[in-house]
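To keep things clear, I will list the structure first and then write my remarks on it.
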Amino acid sequence: MPEKTGKFNFPYDPKKVEHEIYTRWEKSGFFNPDNLPQRHTEPYSIVLPPPNVTGTLHMGHAAMLAIEDILIRFERMRGKRTLWLPGTDHAAIATQSKVEEILSKKEKTTRHALGREAFLKRVNEFAQESHDTIVSQVKKMGSSVDWSREAYTLDEARHHAVYVAFKKMYDAGLISQGKRIVNWDPKGQTVISDDEIIYMEEKAKFYYFTYGPFTIGTARPETKFADKYVVIHPDDVRYAEYEHGQTLEVEWINGPITATVIKDASVNPEFGTGAMTITPWHSAVDFEMAERHGLKGERIIDTYGKLLPIAGEFTGMKIKDAREKIVEKLAAKGLLVKADENYVHNVATAERTGAVIEPQVMKQWFVAVTKEFTIPYSEIPGILSGSRTTLKDIMRKAVESGATRIMPERFEKVYFHWIDNLRDWCISRQIWFGHRIPVWYRGNEIYCDVIPPEGEGWEQDPDTLDTWFSSGLWTFSTLGWPEHTKDLVAYHPTAVLETGYDILFFWVARMVLMSGFHLGTVPFKNVYLHGLVRDEKGRKMSKSLGNIIDPVDMIEKYGADATRLSLIIGAAPGNDTKLSEERVRGYKHFANKIWNIARFVLENGASADNVITQEEDKKLIEEFDAVARRTTAHIEAFRLDLAADALYHFVWHRFADILIEESKPILRGDDANAKHSRRAALFALLVGSLKLLHPFMPFITEEIYAGISLPDKKLLMIEEWPAKQT
RNA sequence: GGGCACAUAGCUCAGUGGUAGAGCGUCUCGUUGACAUCGAGAAGGCCAGAGGUUCGAUACCUCUUGUGCCCACCA
């Protein structure tokens, strides 16, 4: 009877072993590439997309951690000097609004009541708590990140990098202050960028008013007080009798005004009556039109969404309340022609606060994306060192040239399309949590530098930077830039940036911009975009739907390995994944299967002492080698889903169901040679399978491997990958 | 308005120029020595529709329909 190896007699219990295994890995020091054995030479790096310190990790984060850990563990076993650099993101506006929400709900107070300093203390406390939770969750997933290099977008080193970056771009003339029309969030009391806007479909009333000889259409009567320009298309025959620049006396909301006729080709003659009035201060399109013709605009709405004194009797009213009243007044004056009740349009809302965006003309800081500058050094194909270029050009060429490859490829088109429509990036925010803008004022003097100016009377700009400004530097600020560090030389550009397709523009493009400008290189060679993790019905997971599956719950119940596999198999790059608890449970079964394979093989006396002598056993090894090569090819092609699926199939339905079953009679038979050889084959298959499975299921494979006796055995995480070439 | 995808077994999805695969589910049978967190087997698909290219198309091209997403936004 075969000897019983006690350890394998019990069902596999991930909960018992996972924490201990992670500690073993951490203690080994091998997460840090500096400690890897000599065979690990060629650097390979991934920076972890830093989770926001706004709370806890969700399944999307878990998928990200699983994918990146697979790539890192795979390359580490292949002998690369792997660095996976972790960190967290202060997430400026997201974190600030979260804390403000807590303050208003639980303590009935506001940030203004607390004051800047006290409020920031609260935010930092909150951020610290979130950080600690996130770190523990990252560990639970088995992520082999180098904690010794952990970074935070708001820590000292990153703060320095942000200031240096700002200063350099300021000096190059790419960052400047400008009075332009911006997206004002009246609830958040800050400006936000174009990308932070969500358009919501809304049914509204569309009014037609008499405006002198014209009938004009509008959905926003409350902005019309200062409308002194009536715009028509130059070729519109209905209005041919009116000249561009002609003035007319018209009766309007608060009495007669002088209106000027403007002819502009951007007017759509098909829409409404083909005649409109414009409000340059509160509409981006109107603002541009006004700029074209040198028209004056007036401010009508304040930063709280209330009407200014220009509104006369309506002064101080909220725009929503004022709307009906103004229509009533116009109707009373006989100027209302009709109202269309079924007008559907898209209204811009703020991503964070949900408030309706009120365009305003304000002085803000911008990054110029189409302004030419001389790039001192460039490795980006198509952009020569010392040549004139633009940030937009850098972003385009980086991907166009193939220096950065986006997967799946279809997102490259999306990326180009976005770049073509890109406007200057507004980077100042009127919030407190974040990197304060490194600019100081004294009277008419302005000073920009990494260190504050000397002398009396200087006031620092109260605004902070868009969170994506600091995350744009992430691939190199984490490696010690602006210092010319060893890490920076070895690990930049990084190998892969793996993230959700939803932040392609926010983040990926900004990193390309920043790395291109500051280093003259791309930030990463590959962009791997994963999909969203949805529930089993394909809905987004959300609190209100109550369909959130918590990764920590799944790990507690089924183990990290099963959780990882459920997020990998069936998840092609860029495609959304549907996850259900059933699936996770299914992969727990698979973990148990692996456990029992090991138990069978080891209990039947297989060990490193056996030698393969039989022809059919050699064939088994060949079969395994083919599986190893196929797995390797899939991972190299970033098809982790296919790699994992192929392994799952081989291990369960080939190794367990067929090879082991066929081995039983041999192992119980009388042919000593056959028995010996088959033991060797099963042993080789077991050890090989553990290696192939390790990147996907690191815990159980490491645990089984620990129970096997082998000469020169190391931790499985640094053992050699079975397939040398594909 | 512009663009990008997707449509394959009940469900979730692979796939390839040579008339289809997996997992889960369903059904039947089996099994006290690796594992019931199991095994063997079965049923189940005009590969969305139409046309074209080809000796041959689920796969390549065009159109149609349906679904999802992104961008822009017209007062």
Side-chain angles (χ1 to χ4, degrees), chain A residues 1-2 4-5 8-12 194-195 197 199 201 206-209 216-221 223-224 227 229-232 264 266-279 282-286 289 343 345-348 408-423 501-502 504-505 531-532 534 536-538 558 562 566 569-572 574-580 582-583 585-604 639 641-642 645-646 648-649 652-653 655-658 660-661 663-664 667-668 682 686:
Chain A
M1 270 288 101
K4 294 262 177 189
T5 47
F8 292 107
N9 273 342
F10 306 95
Y12 174 60
D194 294 344
D195 301 290
I197 286 177
Y199 287 96
E201 199 167 85
F206 191 79
Y207 302 96
Y208 292 88
F209 296 115
I216 57 132
T218 183
R220 302 203 57 189
T223 65
K224 296 287 157 198
D227 286 8
Y229 302 100
V230 57
V231 191
I232 50 188
D264 191 287
S266 70
V267 174
N268 177 3
E270 310 287 315
F271 189 87
T273 59
M276 64 186 268
T277 61
I278 58 168
T279 314
H282 300 288
S283 155
V285 177
D286 293 4
M289 213 180 289
Y343 175 62
H345 68 149
N346 289 321
V347 54
E409 211 180 299
R410 66 189 145 94
F411 283 103
E412 293 196 350
K413 289 179 192 163
V414 180
Y415 175 87
F416 290 133
H417 185 249
W418 178 79
I419 287 177
D420 291 340
N421 288 302
L422 187 63
R423 297 189 297 172
Y501 62 74
D502 50 331
L504 177 62
F505 310 135
L532 268 38
R534 297 170 177 276
E536 73 266 52
K537 289 177 188 146
Y558 308 108
S566 71
I569 294 183
N575 285 3
D576 293 353
T577 328
K578 292 184 184 128
L579 183 74
S580 63
E582 288 299 305
R583 281 191 59 202
R585 191 181 299 133
Y587 293 116
K588 167 78 196 297
H589 297 174
F590 179 56
N592 193 60
K593 181 55 96 172
I594 298 169
W595 188 256
N596 279 294
I597 289 170
R599 180 171 158 188
F600 177 86
V601 171
L602 297 174
E603 280 180 356
N604 279 284
R639 291 305 303 268
D641 56 322
L642 299 182
D645 198 38
Y648 178 95
H649 199 252
W652 198 322
H653 301 299
F655 191 3
D657 289 349
I658 296 172
I660 285 185
E661 289 307 320
S663 299
K664 286 178 179 173
L667 294 171
R668 281 169 209 147
L682 289 176
L686 172 64

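Each chain gets a letter, A, B and so on, in the order its sequence line appears, and its residues count up from 1.
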Quiz item: If you look at every strand shown and take non-hydrogen atoms under 4.0 Å, does Ala656(A) touch a base, only sugar-phosphate, or nothing?
Solution: base

Quiz prompt | Position toward the 5' end of RNA chain B (nearest nucleotide), Asp194(A) or Gly274(A) | solution = Asp194(A)

Practice problem: Indicate, with a heavy-atom threshold strictly under 4.0 Å, whether Ala219(A) touches base, sugar-phosphate, or nothing. | Solution: sugar-phosphate

Quiz prompt | Side chain of Tyr199(A) (C-beta onward), nearest among G23(B), A72(B), C71(B) | solution = A72(B)

Quiz item: Between C74(B), C71(B), A34(B), which nucleotide gets closest to the side-chain atoms of Phe600(A)?
Solution: A34(B)

Exercise. For Asn346(A) and C70(B), give me the distance from atom CG to atom P, rounded to whole Å.
Key: 12 Å

Self-check item: Nearest-neighbour nucleotide for the Tyr648(A) side chain, C24(B), G39(B), C70(B) considered
Solution: C24(B)

Quiz item: What does Leu642(A) touch in the nucleic acid at a heavy-atom separation under 4.0 angstrom: a base, only the sugar-phosphate, or nothing?
Solution: sugar-phosphate

Quiz prompt | Whole-Å distance separating the CG atom of Asp641(A) from the C1' atom of G15(B) | solution = 12 Å

Quiz item: Which part of the nucleic acid, if any, lies within contact of Glu582(A), taking any heavy atom under 4.0 Å across all strands shown: a base, the sugar-phosphate backbone alone, or nothing?
Solution: nothing

Quiz item: Counting only distance, no hydrogens or angles, is the base of A34(B) paired donor-acceptor with the side chain of Glu661(A) under 3.5 Å?
Solution: yes

Quiz prompt | Under 3.5 Å: donor-acceptor pair, side chain of Asn596(A), backbone of Asn592(A) | solution = yes

Practice problem: Could you let me know what G45(B) is paired to, Watson-Crick or G-U wobble, both distances under 3.5 Å, or none if it's on its own? | Solution: none

Quiz item: From Asn604(A) CG over to Arg599(A) CZ, what is the distance, rounded to the nearest 0.5 angstrom?
Solution: 11.0 Å

Exercise. May I ask you to verify if any side-chain N or O of Lys413(A) is less than 4.0 angstrom from the OP1 or OP2 atom of G2(B)?
Key: no

Exercise. Measure the distance from CD on Glu409(A) to P on C6(B) and round it to the nearest whole Å.
Key: 12 Å

Exercise. Would you classify Asp657(A) as touching base, sugar-phosphate or nothing, given that sugar-phosphate means primed atoms plus P, OP1 and OP2, and contacts are heavy atoms under 4.0 Å?
Key: sugar-phosphate

Exercise. Name the nucleic acid region contacted by Gly586(A), choosing base, sugar-phosphate or nothing; use a 4.0 angstrom heavy-atom cut-off, strictly under.
Key: nothing

Exercise. For Val285(A), report the nucleic acid contact type (base, sugar-phosphate, nothing); a contact means any heavy atom under 4.0 Å.
Key: sugar-phosphate

Quiz item: Which nucleotide sits closest to the side chain of Arg668(A): C74(B), G33(B), A5(B)?
Solution: G33(B)

Self-check item: Residue Asn592(A), side-chain heavy atoms: nucleotide from C73(B), G2(B), U37(B) that is nearest
Solution: U37(B)

Exercise. Could you check how far NE2 of His653(A) sits from C1' of U37(B), rounded to whole Å?
Key: 13 Å

Quiz item: When the distance from NE2 of His649(A) to P of A22(B) is rounded to whole Å, what number comes out?
Solution: 7 Å

Quiz item: Could you state the NZ-C1' distance from Lys578(A) to C6(B), rounded to the nearest angstrom?
Solution: 11 Å

Practice problem: Report the nucleotide, chosen from G39(B), U12(B), C35(B), that has the shortest atom-to-atom distance to any side-chain atom of Trp652(A). | Solution: G39(B)

Quiz item: Which nucleotide sits closest to the side chain of Lys588(A): U37(B), A34(B), C4(B)?
Solution: U37(B)

Quiz item: Does Asn575(A) put a side-chain nitrogen or oxygen below 4.0 Å from OP1 or OP2 of A14(B)?
Solution: yes

Practice problem: Could you check how far CZ of Phe416(A) sits from C1' of G2(B), rounded to whole Å? | Solution: 18 Å

Quiz item: If only side-chain N and O atoms of Arg639(A) are considered, is one of them under 4.0 Å from the OP1 or OP2 phosphate oxygen of C13(B)?
Solution: no

Quiz prompt | Arg585(A) vs G23(B): side-chain N/O to OP1/OP2 distance below 4.0 Å | solution = no

Exercise. Output, in order, the C-alpha distance, side-chain angles, deciding distance and verdict of ring-ring contact (aromatic ring centres under 6.0 Å, His included) for Phe271(A) and Phe206(A).
Key: CA-CA 12 Å; Phe271(A) 189 87; Phe206(A) 191 79; 5.5 Å; yes

Practice problem: Drop me the distance from Leu686(A)'s CG to Phe655(A)'s CZ, to the nearest 0.5 angstrom. | Solution: 5.5 Å

Quiz item: Which one, C4(B), C71(B), A34(B), comes nearest to the side chain of Ile660(A)?
Solution: A34(B)

Exercise. Answer with base, sugar-phosphate or nothing: what part of the nucleic acid does Lys224(A) contact at a heavy-atom distance below 4.0 Å?
Key: sugar-phosphate

Quiz item: Hey, what do you get for OG (Ser566(A)) to OH (Tyr558(A)), rounding to the nearest 0.5 Å?
Solution: 10.5 Å

Quiz item: With rounding to whole Å, what would you report as the distance between C73(B) and G15(B) at their C1' atoms?
Solution: 40 Å

Exercise. Output yes when at least one side-chain N/O atom of His589(A) is less than 4.0 Å from OP1 or OP2 of C38(B), else no.
Key: yes

Quiz item: Side chains of Ile597(A) and Trp652(A): closer than 4.5 Å at any heavy-atom pair?
Solution: no

Quiz item: Side chain of Asn421(A): nearest nucleotide among A34(B), C35(B), C71(B)?
Solution: C71(B)

Quiz item: Once you round it to whole Å, what is the distance between C1' of C70(B) and CG of Asp576(A)?
Solution: 13 Å

Quiz item: Short question: side chain of Asn421(A), backbone of His417(A) - any donor-acceptor pair under 3.5 Å?
Solution: yes

